[in-house]
Amino acid sequence: MAGKNGMVIAVGSDHAGYRLKGAVAGALSEMGCRVLDMGTDSEESCDYPDFAIKVAEAVREGEADRGVLICGTGAGMAMVANKVPGVRAAACNERYSAEFTRLHNDVNVLSLGARIIEPVEAVGILRLFLDTPFEGDREGGTRHLRRLDKISDVEKKYSK
Ligand code: RB5
């Protein structure tokens, strides 16, 4: 999945993230991504789990290459997405976390806090999320693969 052209990105927000979702979707389109907008569709109060699960399932099912979630802090939506096996979501409201959760954790869902960051910063974080490769495939990166396997073991331990 090299480069952004043609990548399919599922995006979802609650009411707090609705405006930033518009800016994020616009930036993704400009970068050459295809955007799947999973809602919400207004600033009317709603429940973030309802939208986080749609994005997480789209990534799990392979409908989308990656997902972007936006709520007030990024925390609640990341919590929901991480309940879906195979999804590795991180709330990143600064660039270092965006870069290193790709390099070390192979994050496939980015969660943003619309009440914390400005749109221009969100786009910077988004670029790092899309452009930064996972280090696990490189020489010396096997420790990251081993750690991801241990995350999968935890999922298996608690799955019915
Ligand atoms: C909504 O007020 C807020 O709780 C939500 O957007 C999010 O920050 C939850 O994690």
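One-based numbering, in listed order, for ligands and for the atoms of each. Just so you know, residue 1 is the first one in the sequence shown, and it goes up from there.
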Participant: Is it true that, when you exclude R143 itself, more than 12 heavy atoms of the residues, nucleotides or ligands shown sit nearer than 6.0 Å to its CZ?
Facilitator: yes
Participant: Could you go step by step and tell me if T73 and I116 meet the side-chain contact (heavy atoms from CB on, under 4.5 Å) rule?
Facilitator: CA-CA 6 Å; T73 60; I116 300 173; 4.2 Å; yes
Participant: L20 versus S13: any side-chain heavy-atom pair under 4.5 Å?
Facilitator: no
Participant: Of all the atoms in ligand 1, which lie at a distance below 4.0 Å from a heavy atom belonging to H15?
Facilitator: 1 (C), 2 (O)
Participant: side-chain contact (heavy atoms from CB on, under 4.5 Å) between L130 and C33: does it pass, once the steps are laid out?
Facilitator: CA-CA 10 Å; L130 296 176; C33 299; 4.2 Å; yes
Participant: At what distance is the nearest protein heavy atom to atom 2 (O) of ligand 1, and which residue and atom is it?
Facilitator: R115 NH1, 3.1 Å
Participant: Hey, does Y48 come in under 3.5 Å of ligand 1, counting only N/O atoms on both sides?
Facilitator: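 In this structure, Y48 places no N or O atom under 3.5 Å from an N or O of ligand 1.
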Participant: Under 4.0 angstrom from atom 4 (O) of ligand 1, is there any protein heavy atom?
Facilitator: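 Looking at atom 4 (O) of ligand 1, one finds that no protein heavy atom lies closer than 4.0 Å.
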Participant: Side-chain contact test, heavy atoms from C-beta onward, threshold under 4.5 Å: evaluate it for D106 versus R88 and give yes or no.
Facilitator: yes
Participant: Using a plain distance cutoff, I'd like to know if A75 has any nitrogen or oxygen under 3.5 Å from a nitrogen or oxygen of ligand 1.
Facilitator: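 Between A75 and ligand 1, no N or O pair is found under 3.5 Å apart.
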Participant: Identify the closest protein heavy atom to atom 10 (O) of ligand 1: which residue and atom is it, and at what distance?
Facilitator: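 Result: G76 N, 2.9 Å.
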Participant: Just which atoms of ligand 1 are under 4.0 Å from any heavy atom in G72?
Facilitator: 5 (C), 6 (O), 7 (C), 8 (O)
Participant: Could you check atom 6 (O) of ligand 1 against the protein and tell me its nearest heavy-atom contact, residue, atom and distance included?
Facilitator: D14 OD2, 2.6 Å
Participant: Do the rings of Y96 and F100 sit parallel, tilted or perpendicular, given the 30° and 60° boundaries?
Facilitator: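 Rings of Y96 and F100: parallel, as their planes differ by under 30°.
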Participant: Mark up the atoms of ligand 1 that fall under 4.0 Å of a heavy atom belonging to A16, in ascending order.
Facilitator: 6 (O)
Participant: How long is the gap from CD1 on I9 to CE on M31, to the nearest 0.5 Å?
Facilitator: 9.5 Å
Participant: I'd like to check whether C71 has a polar contact with ligand 1, where a contact means an N/O of the residue lying under 3.5 Å from an N/O of the ligand.
Facilitator: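 Such a contact does not occur with ligand 1.
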